[in-house]
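Throughout, residue positions are numbered sequentially from 1 according to the sequence presented. For the numbers below, each heavy atom of this structure counts, side chains included, while hydrogens, waters and symmetry mates do not.
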Amino acid sequence: MAKLDFDLERDVPQLTGKVILITGGTNGLGAAAATMLASRNPAKIYITGRNESSARRVIDDIKSKGSSTEIVWLRCDHTDLATVKDAAEVISAKESRLDVLMANAGIMALPPGLTKDRYELHFGINHVAHALIIRKLLPLLQKTVKEHGEARIIPISSLALVLAPRGYGIVFDDLKTTQAYWILGKWQRYAQSKLANLLYGRELTRRYPEILTLIVDPGPSNTGLVSSLGFLDKMIVYLGNINKFLEDDQGHLNQVWAVGVPKDRAKQGEFYEPVGIPTQGYTHWCLDQKLAERLWDWTEEELKPWMT
């Protein structure tokens, strides 16, 4: 098991008054992050997800630990952009500030499929839905910077992006198909979406430098994304992460660190491995500015129907 240098008291100051959004906060790493961050006393944490009973379990667990933070569940299904738009608009209407947007929700290594809006399943859930919620909430994040001095976006990527399609990085022409044609199909589709998370985060840094964007890899741990895999896929995960696997209660620490790390200890647009370590795992696609710009332009065009 990997040993991590993380101390909640040292790395995450009190979050008094702050409003946080964690997508996919009803289970897994998102729920664990919400629980830990609630102990630092922000004013409010929004958690999104599809399942109200799962959300209620998270809220009850946080309350049982004595936190005074208000935890609010918003129904949001990343396979259905109408619900993503609705969730973002609820926050915009209710809040005068948004200090942290943690783009945590995601899927990994699922069979071929399409979202309701006809995007390849991994790309639609992991990238397109997050891009929409980020774009809808950018004005509130910018307002928070002006009035409170700082706001953060924390995209969750993965070093699995090294498996992104050779010769392309992102196969734009086929993002509205199941892309069921690769030998390592489920992993390449996942990697493509994680590359998109990184590139989109880097473009946010370039286009909106006033907002602190820190991209994080949670690292390998036994979350539901891993435990739900079949035997062969589990072996791919385990063998590909020898000496890197984290304890079950450590998988969320890197994203919690990104919420609290002081600005002078963080580098805008950096990709961090657990905990707070700038990655050396870049592929040439990660640093391809033309690919990042193409992704941004493609995404802007796809989001137009949802931005009104």
Cationic N near anionic O, under 4.0 Å, [X] to [Y]:
{"X": "Glu302", "Y": "Lys176", "answer": "yes"}
{"X": "Glu293", "Y": "Arg206", "answer": "yes"}
{"X": "Asp5", "Y": "Arg10", "answer": "yes"}
{"X": "Glu95", "Y": "Arg97", "answer": "no"}
{"X": "Lys143", "Y": "Glu147", "answer": "yes"}
{"X": "Arg75", "Y": "Glu52", "answer": "no"}
{"X": "Glu9", "Y": "Arg40", "answer": "yes"}

Point to revise | Check: Ser67 side chain, Lys63 main-chain N or O, donor-acceptor pair, under 3.5 Å | key: no
Practice item. Taking Asp99 for its side chain and Val19 for its backbone only, find out whether a donor-acceptor pair lies under 3.5 Å. Key: yes
Search all heavy atoms of [X] against all heavy atoms of [Y] and return the closest pair with its distance.
{"X": "Ile22", "Y": "Ile20", "result": "CG1-CG2, 3.9 Å"}
{"X": "Val275", "Y": "Asn254", "result": "CA-OD1, 3.4 Å"}
{"X": "Ala160", "Y": "Tyr190", "result": "CB-CE2, 3.7 Å"}
{"X": "Leu214", "Y": "Pro155", "result": "O-CD, 3.3 Å"}
{"X": "Ile125", "Y": "Ala129", "result": "O-CB, 3.8 Å"}
{"X": "Pro218", "Y": "Leu29", "result": "CB-CD1, 3.6 Å"}

Does any part of the side chain of [Y], heavy atoms only, come nearer than 4.5 Å to the side chain of [X], both counted from C-beta?
{"X": "Tyr272", "Y": "Ile277", "result": "no"}
{"X": "Arg152", "Y": "Thr213", "result": "no"}
{"X": "Tyr119", "Y": "Leu81", "result": "yes"}
{"X": "Cys286", "Y": "Leu195", "result": "yes"}
{"X": "Asp11", "Y": "Phe6", "result": "yes"}
{"X": "Val128", "Y": "Leu303", "result": "yes"}
{"X": "Asn41", "Y": "Leu15", "result": "no"}
{"X": "Val162", "Y": "Lys194", "result": "no"}

Check your understanding: Does any pair with a residue in residues 160-174 pass side-chain hydrogen bond (donor to acceptor under 3.5 Å, both in side chains), and if so which ones, sequence neighbours excluded?
Key -> Asp174-Tyr181
Just how far is it from atom [atom1] of [X] to atom [atom2] of [Y], taken to the nearest 0.5 Å?
{"X": "Asn51", "Y": "Arg56", "atom1": "CG", "atom2": "CZ", "answer": "12.0 Å"}
{"X": "Lys267", "Y": "Thr205", "atom1": "NZ", "atom2": "OG1", "answer": "10.5 Å"}
{"X": "Leu137", "Y": "Ile133", "atom1": "CG", "atom2": "CD1", "answer": "5.5 Å"}
{"X": "Ser68", "Y": "Glu70", "atom1": "OG", "atom2": "CD", "answer": "10.5 Å"}
{"X": "Leu204", "Y": "Ile215", "atom1": "CG", "atom2": "CD1", "answer": "8.5 Å"}
{"X": "Thr83", "Y": "Asp77", "atom1": "OG1", "atom2": "CG", "answer": "5.0 Å"}

Practice item. For Arg265, look at atom CZ and say whether over 12 heavy atoms of other residues, nucleotides or ligands are found less than 6.0 Å away. Key: yes
Would [X] and [Y] count as having a side-chain donor-acceptor pair, cut-off 3.5 Å?
{"X": "Arg57", "Y": "Ser54", "answer": "yes"}
{"X": "Gln179", "Y": "Gln192", "answer": "yes"}
{"X": "Glu203", "Y": "Gln289", "answer": "yes"}
{"X": "Thr115", "Y": "Asp117", "answer": "no"}
{"X": "Asn197", "Y": "Ser157", "answer": "no"}

Check your understanding: After noting the C-alpha distance and the side-chain angles of Thr69 and Ile62, does the key distance pass the side-chain contact (heavy atoms from CB on, under 4.5 Å) rule?
Key -> CA-CA 9 Å; Thr69 298; Ile62 291 173; 5.6 Å; no
Practice item. Scan for ring pair (Phe, Tyr, Trp, His ring centres under 6.0 Å) pairs involving residues 68-87, sequence neighbours excluded, and state none if there are none. Key: His78-His130
Review point. Among pairs that include at least one residue of residues 194-218, which meet ring pair (Phe, Tyr, Trp, His ring centres under 6.0 Å), considering only residues two or more places apart or in two chains?
Key: His127-Tyr200, Tyr200-Trp296
**Study point:** Intermediate values then yes/no, salt bridge (Lys or Arg N to Asp or Glu O under 4.0 Å), Glu300 and Lys304
**Key:** CA-CA 6 Å; Glu300 288 288 287; Lys304 280 181 179 179; over 6 Å; no
Practice item. List the steps and the verdict of side-chain contact (heavy atoms from CB on, under 4.5 Å) for Leu159 and Glu273. Key: CA-CA 9 Å; Leu159 289 174; Glu273 297 182 51; 3.5 Å; yes
Check your understanding: Hey, mind stepping through Gln268 and Leu212 against side-chain contact (heavy atoms from CB on, under 4.5 Å) and telling me if it holds?
Key -> CA-CA 6 Å; Gln268 173 73 291; Leu212 180 59; 3.8 Å; yes
Exercise for review: Please lay out, stage by stage, how Leu291 and Leu199 fare under the test side-chain contact (heavy atoms from CB on, under 4.5 Å).
Suggested key: CA-CA 8 Å; Leu291 182 62; Leu199 291 174; 3.6 Å; yes
Check your understanding: Are Phe123 and Leu114 linked, directly or through other ILVMFWY residues, by side chains that come within less than 4.5 angstrom of each other?
Key -> no
Practice item. Treat each ILVMFWY residue as a node, draw an edge where side-chain heavy atoms are under 4.5 Å apart, and state whether Trp298 and Leu138 are in one component. Key: yes
Revision key, fill the gap. Asp61 meets the side chain to side chain donor-acceptor pair (under 3.5 Å) criterion, sequence neighbours left out, with Lys65
When the side chains of residues 100-109 are checked against the rest of the protein, which donor-acceptor pairs come out under 3.5 Å, sequence neighbours left out?
residue	atom	partner	partner atom	Å
Asn104	OD1	Gln255	NE2	2.9
Asn104	ND2	Thr23	O	3.0
Asn104	ND2	Gly24	O	3.3

Exercise for review: Can you sort out the partners of His122 under ring-ring contact (aromatic ring centres under 6.0 Å, His included), two or more places apart, ordered by chain and number?
Suggested key: none
